[in-house]
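Each chain gets a letter, A, B and so on, in the order its sequence line appears, and its residues count up from 1. Excluded from the calculations below are hydrogen atoms, water molecules and symmetry mates; all remaining heavy atoms, backbone and side chain alike, are included.
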2 protein chains.
Amino acid sequence: MVVYCTLPADGLPEEEVDRIFRALADSTRRDILRRGLGSEASVSDIARDYDMSFAAVQKHVAVLEAAGLVVKRAQGRQRLVRTDPERLQRAQRVLDEYVALWRARVDRLDALLTEDD
Amino acid sequence: MVVYCTLPADGLPEEEVDRIFRALADSTRRDILRRGLGSEASVSDIARDYDMSFAAVQKHVAVLEAAGLVVKRAQGRQRLVRTDPERLQRAQRVLDEYVALWRARVDRLDALLTEDD
DNA sequence: CTAAACTACAACCGAATGGTTGTATATTGC
DNA sequence: GCAATATACAACCATTCGGTTGTAGTTTAG
């Protein structure tokens, strides 16, 4: 076995990247994320908007929190949920890296071809 | 239940976005993606580099293919795998949208605050 | 032609997911 | 103080996932 490219993206360990993309791979969670982008809402506020149990929504929020995409703040009996845009941009940067790598390789290929001319 | 934001991102249906992020949520698959960015490799070429069975790698490639992140081309008895950068950029654009939405909301909040001054 | 290589695919297994209900613990409102 | 609200968390269930082995179909090499 040869590990082909071990670069941990953005300084983020691979398991972190796993968790981030895994968290993004569910439409309910993406919806909660969008919702938490501008404002804070309690878990039950959020739960009220989805056709599933409170516990299910709570789990989705937990997945987002474990991925660092969302932070929870205690206020009395409720936990206010807010999206961390920094973390979203990290996910973006991982993809940026891939696209940049692709461009670099395409450019290198172009260079080789023009060199042959 | 109130669906909070049904915008299908980029014209992509939600299940497609699910599949893309799900496919990205595994380090082996991300590795295969990076590898397929500049060049083509057969499935067994790829499999040779990982410490798992051929069938396992084949499945990973299938997941990437189902997500549209990779295309396979038949050449004789082998299938050449190549990454589709277009698709990566789509995933990027989904995140772009979230970040843009966030900025818009922050700007709106700023506007309200300065208005109050 | 036959053997080897490349792929596809099914069946199986343990672990993780996405949902449920139920119970326990803080906090709040009256 | 007590009832209602908000959360946490465990237990359970069906399904999916990531891996395995095994079998079968093509294509290539000798």
Considering all heavy atoms of both residues, which atom of R35(A) and which atom of S39(A) are nearest to each other, and what is their separation?
O-OG, 3.7 Å
Looking at E16(A) and R90(A), is any side-chain nitrogen of the basic one under 4.0 Å from a carboxylate oxygen of the acidic one?
no
Heavy-atom closest contact (R87(A) atom, A67(A) atom, distance)
NE-O, 2.9 Å
When you measure from the side chain of R30(A) to the backbone N and O of L24(A), does any donor-acceptor pair fall under 3.5 Å?
yes
Would you say S53(B) reaches dG19(D)'s phosphate, i.e. side-chain N/O to OP1/OP2 under 4.0 Å?
no
Output the rounded distance in Å from CZ (F54(A)) to P (dA24(C)).
17 Å
A55(B) side chain: which of dA6(D), dG18(C), dT20(D) is closest?
dT20(D)
Compare side-chain N and O positions of S44(B) against OP1 and OP2 of dT7(C) and report whether any pair is under 4.0 Å apart.
yes
Report the distance from atom CD of Q75(A) to atom P of dA6(D), rounded to the nearest whole Å.
13 Å
In whole Å, I'd like the distance from the CG atom of D26(A) to the C1' atom of dT16(D).
13 Å
Within the pair R22(B) and dG18(D), is there a side-chain N or O less than 4.0 Å away from OP1 or OP2?
yes
Looking at R29(A) and A23(A), would you say the former's side chain and the latter's main chain have a donor-acceptor pair under 3.5 Å?
yes
Between dT20(C) (C1') and D51(A) (CG): distance, integer Å
13 Å
May I have the distance from R79(B) (atom CZ) to dG25(D) (atom P), rounded to whole angstrom?
15 Å
Separation of dT7(C) P from R48(B) CZ (nearest whole Å):
9 Å
Between R77(B) and T28(A), just flag the one whose closest nucleotide in DNA chain C comes earlier from the 5' side.
R77(B)
Selection from dT7(D), dG19(C), dC6(C) that lies nearest to any side-chain heavy atom of Q78(A)
dT7(D)
Using a cut-off of strictly less than 4.0 Å, decide whether Q58(B) has a side-chain nitrogen or oxygen near OP1 or OP2 of dA8(C).
yes
Nearest-Å distance, CZ (F21(A)) to P (dG18(D))?
15 Å
Whole angstroms only, please: what is the CG-P distance between D18(B) and dG18(C)?
10 Å
Identify, between R29(A) and K59(B), the residue whose nearest nucleotide on DNA chain C lies closer to the 5' end.
K59(B)
